[in-house]
Structure formats: structure tokens, C-alpha cells
Amino acid sequence: MTSAIAVRDLPVAVIGGGFSGTLLAINLLRYGVKVILIERSSAQLAKGVAFGTRRPEHLLNVRASNMSAFPDDAGHFLRWMHFSDADEANRFVPRLSYGTYLRELLVQALAKAGKDARIVDGEACAIERVDSHARVKLANGSILPCRAAVLALGNFPPLPHPVLEGLPSHLYQADPWDRTALEGLAELEEVMVVGRPDGSRCGPVAGGVRVPGSSDGAVSPRPQAPSACGTRAGGDAHTRSRTARYGTRPRCTAPGGGGRLA
Ligand SMILES: Cc1cc2nc3c(=O)[nH]c(=O)nc-3n(C[C@H](O)[C@H](O)[C@H](O)COP(=O)(O)OP(=O)(O)OC[C@H]3O[C@@H](n4cnc5c(N)ncnc54)[C@H](O)[C@@H]3O)c2cc1C
């Protein structure tokens, strides 16, 4: 195992199968490098936190024209969206559409790579060096040898804020991007959003709970008026049809063993 040839034959372990890990895996596979992509949340595979949302009113904060997955093919995302004119290219489309785009690209890359690619469903908890290669340990006890490991873990949840100290936990939600964060908020009469209400991040949180005319508030050290991000929530008919078409997650078995994409 420790000979140079054996090590070269090992995969690169990409830990974290969100946006960065997925694009890295896809691009490594393009160059013929074997890959193991380790993701602890099957729902977030390829999409990560940002593009794993299920809410169509959560929009990208970057125009469609700048969201291609491939630096050498700037129009790739526009073609995938069937966008052909400048107005369409300037749109901010739903993040869930972008998540579906990433998931499709991963499915295609896995199909092409065959046994050179593997999705592993699990949480990495340690990496150790063994001679000239490494081993990634998963929480379930599995050990995955690799020639190199890449951390693509995304943003960590916010640290507890001192202002929240002493408040009972049912009175606040510290991590707005937790998938259960909005549960039960709609029943509350008043919700205060503390953060940057710029229409793409904080705005959608408020959007998830606001009833028109209700008195939810937002507090920010750097106030900006929430913006509509250049398009109506849910996008135009084109985007909606794309979202409807790809909104349900494709199910397939990843070639090369292991994970199922759902
Ligand atoms: C709400 C929101 C909206 C955003 N909107 C945009 C936008 O419109 N346009 C834009 O360009 N950027 C946007 N961003 C920025 C976005 O975070 C980055 O562009 C990018 O998606 C981050 O990718 P990432 O791979 O670093 O993290 P993520 O995509 O979050 O992926 C990290 C993954 O690692 C996994 N993971 C973590 N630890 C482990 C472990 N130990 N073992 C296994 N798996 C693990 C997590 O489950 C997760 O799926 C947004 C961010 C947020 C939070």
C-alpha cells in the first residue's frame, strides 16, 4: 500500500459534498483522478446549505450569468436554464434550481466515472497520516484510505451570541439555515430578525414567516432595505417551469458503489 504506485492509485477524499466539494469532485474526475465524496447529509449532497433549500422564494444572490459550474464554459448554467437573452441572464433564480443543477452535474459525473468515483454517506471525524497516504475515519467506524484529503466543510453554525445568554432556547433560533429553523414560527405573532436584511439571506428568513401586514422586525448593525433581488419570488414562468421540472429530486444509484442520490 505504501509504494508510490499504490498511493497514486488511491482516491482523493473530498470531505463535504456541498457546493465546493461537489464541484471539486466533478473537476477532479474530469482530469481522471479517483474521488471519494463524503457527505453526512444525503439531502444536502451536491447542494450544501445554500442550495439545499426547498423554498422557491429563496433566490441566488448572484446573477444567472455568473453561476456556471465550469470556469471554461461561462454559459453552462444559462443553457441548463434554457436562458437565451440578456434579461434572462441577469436574473436571480431560485437557489433550489441551482441545487438541482449541481445534483444533475454530479449524477452525470458519477455515471461517466464509473468505479473511479464513490459517494460515501457519513460524517468524517478524523484524518490520520499513515506513511505516504492518509486515512479518513468516519463516525460509524469506517476507515477510508486516500492519497489526499480535502476539507470542504462549509460554514459552521454561528457561535452562541452573548445577547442570547439566559434566554430559553424556544425563544430564539441561533442558526437560521438549520433545516428545521422555520418550523412553528408562522404561528408566532411577532418575530425579530437580527442580521443583515439584504433580501437574499436574512430576507428569505423573514419571507418564510412573514404574513403581509404583520409586524416582524429586522435589526442590523448595517441596515439595508430588503430588495426583491431583481425578480419576483419564485422566478418567472421559465424559471418556474424549470423548477417544476427539476424540483423533485432524481433518484439513482451512484455507480462505483455506495451512496444513493435522492
Ligand atoms: C443562505 C445562503 C445563501 C447563499 N446564497 C448564495 C448565492 O446565491 N450565490 C453564491 O454564490 N453563494 C451563496 N452563498 C454562499 C455559499 O455558502 C457558498 O457559495 C457555497 O455554497 C459554500 O459551499 P461549501 O461547499 O463551502 O459549503 P456547503 O455547500 O454548505 O457544503 C458543506 C457540506 O459539508 C458537509 N459536511 C460538513 N462537515 C462534514 C463532515 N465532518 N463529514 C461529512 N460532511 C460534512 C455539510 O453537510 C455540507 O453539505 C449562500 C450561503 C448561504 C448560507
Side-chain angles (χ1 to χ4, degrees), residues 13-28 35-71 74 77 81 90-103 105-106 118-127 135-144 146 149-158 173-179 181-182 193 195-208 226-231 233 235 239 258-259 261-262:
V14 180
I15 305 172
F19 172 79
S20 306
T22 295
L23 286 191
L24 176 66
I26 289 171
N27 282 290
L28 287 174
V35 171
I36 309 177
L37 184 59
I38 304 164
E39 171 56 53
R40 64 184 175 189
S41 155
S42 56
Q44 275 182 204
L45 180 62
K47 305 174 178 186
V49 176
F51 312 119
T53 177
R54 285 166 286 189
R55 303 185 70 104
E57 70 273 25
H58 289 177
L59 304 181
L60 293 180
N61 57 18
V62 175
R63 294 177 196 281
S65 53
N66 290 327
M67 289 301 287
S68 171
F70 302 108
F77 182 56
M81 287 296 296
N90 277 331
R91 287 191 186 142
F92 298 87
V93 306
R95 293 209 306 266
L96 66 81
S97 297
Y98 195 72
T100 306
Y101 169 66
L102 294 172
R103 185 80 76 122
L105 294 183
L106 181 61
R118 191 173 151 214
I119 304 289
V120 172
D121 189 4
E123 174 149 22
C125 54
I127 304 173
R135 293 201 300 207
V136 177
K137 290 188 178 174
L138 302 189
N140 67 8
S142 310
I143 292 182
L144 305 168
C146 57
V150 180
L151 301 183
L153 308 175
N155 295 313
F156 295 110
Q173 174 53 261
D175 179 6
W177 306 118
D178 183 300
R179 290 173 83 81
L182 300 184
V193 180
R196 186 170 61 119
D198 69 354
S200 66
R201 297 193 185 182
C202 179
V205 172
S227 85
C229 280
T231 186
T239 304
L261 300 184

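All values reported here derive from a predicted model rather than from experimental measurement. One-based numbering, in listed order, for ligands and for the atoms of each.
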If you measure every N or O of A50 against every N or O of ligand 1, does any of those distances drop under 3.5 Å?
no

Among the heavy atoms of Y98, does any lie under 4.0 Å from an atom of ligand 1?
no

Inspect the surroundings of CG in N155 and state if more than 12 heavy atoms from other residues, nucleotides or ligands are less than 6.0 Å away.
no

Sub-4.0 Å atoms of ligand 1 with respect to non-hydrogen atoms of Q44:
46 (C), 47 (O), 48 (C), 49 (O)

Provide the number and element of each atom of ligand 1 under 4.0 Å from a heavy atom of L60.
8 (O)

Which part of H58 is near ligand 1, with near meaning a heavy atom under 4.0 Å away: side chain, backbone, both or neither?
neither

S41 versus ligand 1: do any nitrogen or oxygen atoms come within less than 3.5 Å of each other?
no

Using non-hydrogen atoms of the residue, decide whether G122 is closer than 4.0 angstrom to ligand 1.
yes

Check whether any side-chain heavy atom of L144 sits under 4.5 Å from a side-chain heavy atom of V120, and report yes or no.
yes

Heavy atom under 4.0 Å from ligand 1: found in A152's side chain, backbone, both, or neither?
backbone

Enumerated ligand 1 atoms positioned under 4.0 Å from heavy atoms of G154
24 (P), 26 (O), 27 (O), 32 (C)

Parallel, tilted or perpendicular: rings of Y98 and F77 (30°, 60°):
perpendicular

List the residues meeting side chain to side chain donor-acceptor pair (under 3.5 Å) with S68, not counting sequence neighbours, and say none if there are none.
none

Please list, chain by chain and in numerical order, all residues satisfying salt bridge (charged side-chain N to carboxylate O under 4.0 Å, His left out) with R135, sequence neighbours excluded.
E128

Atom NZ in K137, atom CD in E123: separation rounded to 0.5 Å?
15.0 Å

Heavy-atom check, side chain of L37 versus side chain of I15, under 4.5 Å:
no

Polar contacts were defined as any N/O atom of the residue lying under 3.5 Å from an N/O atom of the ligand; does this apply to M67 and ligand 1?
no

Closest by any non-hydrogen atom to atom 17 (O) of ligand 1: pick that one out of N155, T53, D175.
N155

For I38, counting its heavy atoms only, list the atoms of ligand 1 lying under 4.0 Å from any of them.
43 (C), 44 (N)

Does an N or O anywhere in L59 fall below 3.5 Å from an N or O of ligand 1?
no

Report, in ascending order of atom number, the atoms of ligand 1 lying under 4.0 Å from any heavy atom of V62.
9 (N), 11 (O)

For the residue pair F51 and T100, establish whether any side-chain heavy-atom pair is separated by less than 4.5 Å.
no

Can you find a pair of side-chain heavy atoms, one from L102 and one from F19, that are under 4.5 Å apart?
yes

